[in-house]
Amino acid sequence: MKKPSRQIREEIARLQDQLKQAETREAERIGRIALKAGIGEIEIEEAALLSAFEELVGRFRKAGARSPKATPAIPAGAPSGVAEPG
């Protein structure tokens, strides 16, 4: 039995709400971590910060392909405000 369009629209609206809530939780989690790392104390343009985050994501994705629990080492020349593992 096919669903009526009204039911599909309601389902889409419910899923969009779930997505918004999930994105909010993720943003708050990442924000808390970034603040703990001291990112709020440095002055950096949004584009440069976005680029650094994209680079970080790439390193973690590459490490994830090797092992699900792998954590890549942060290189000595890491941008300021990024804590080295201790």
Side-chain angles (χ1 to χ4, degrees):
M1 176 183 233
K2 293 188 178 192
K3 293 180 184 179
S5 60
R6 174 194 50 78
Q7 188 177 5
I8 294 170
R9 279 193 291 276
E10 289 171 357
E11 207 171 305
I12 290 170
R14 182 180 50 79
L15 290 171
Q16 286 175 329
D17 186 53
Q18 287 179 2
L19 176 61
K20 184 179 177 183
Q21 290 176 13
E23 288 175 338
T24 298
R25 283 191 307 272
E26 292 166 357
E28 289 172 349
R29 176 179 167 260
I30 297 301
R32 282 191 302 272
I33 293 168
L35 290 173
K36 283 182 183 178
I39 200 128
E41 299 170 10
I42 60 172
E43 290 187 31
I44 186 169
E45 290 184 23
E46 190 170 323
L49 185 57
L50 176 59
S51 177
F53 278 139
E54 288 170 343
E55 185 179 313
L56 182 65
V57 167
R59 290 199 320 243
F60 275 91
R61 282 191 177 141
K62 188 183 293 185
R66 292 191 307 261
S67 167
K69 298 273 184 179
T71 303
I74 297 175
S80 65
V82 177
E84 294 210 12

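What you see is a predicted model, and the numbers here were worked out from it, not measured in a lab. The figures here come from the full heavy-atom set of this structure, side chains too, leaving out hydrogens, waters and symmetry mates.
Rounded to the nearest 0.5 angstrom, L15 CG and E11 CD are separated by 6.0 Å. Residue L50 holds its CG atom at 11.5 Å from CD of E55, rounded to the nearest 0.5 Å.
Taking I30 as the reference, nothing meets the side-chain contact (heavy atoms from CB on, under 4.5 Å) condition, with sequence neighbours excluded. Checked against side-chain contact (heavy atoms from CB on, under 4.5 Å), L35 has no partners two or more places apart in sequence or in another chain. Qualifying side-chain hydrogen bond (donor to acceptor under 3.5 Å, both in side chains) partners for R6, counting only residues two or more places apart in sequence or in other chains: E10. Legend: residues meeting side-chain contact (heavy atoms from CB on, under 4.5 Å) with I12, ordered by chain and number and at least two apart, are I8, Q16.
Residue pairs meeting the side-chain hydrogen bond (donor to acceptor under 3.5 Å, both in side chains) criterion with at least one member in residues 17-28, sequence neighbours excluded: D17-Q21.
In this structure, L19 shares a hydrophobic cluster with no other residue, the cluster being traced through Ile, Leu, Val, Met, Phe, Trp and Tyr side chains under 4.5 angstrom apart.
Annotation: R14, atom CZ; neighbour count of heavy atoms from other residues, nucleotides and ligands within 6.0 Å is above 12.
Here the closest heavy-atom approach between residue I44 and residue L49 is recorded as CD1-N, 3.9 Å.
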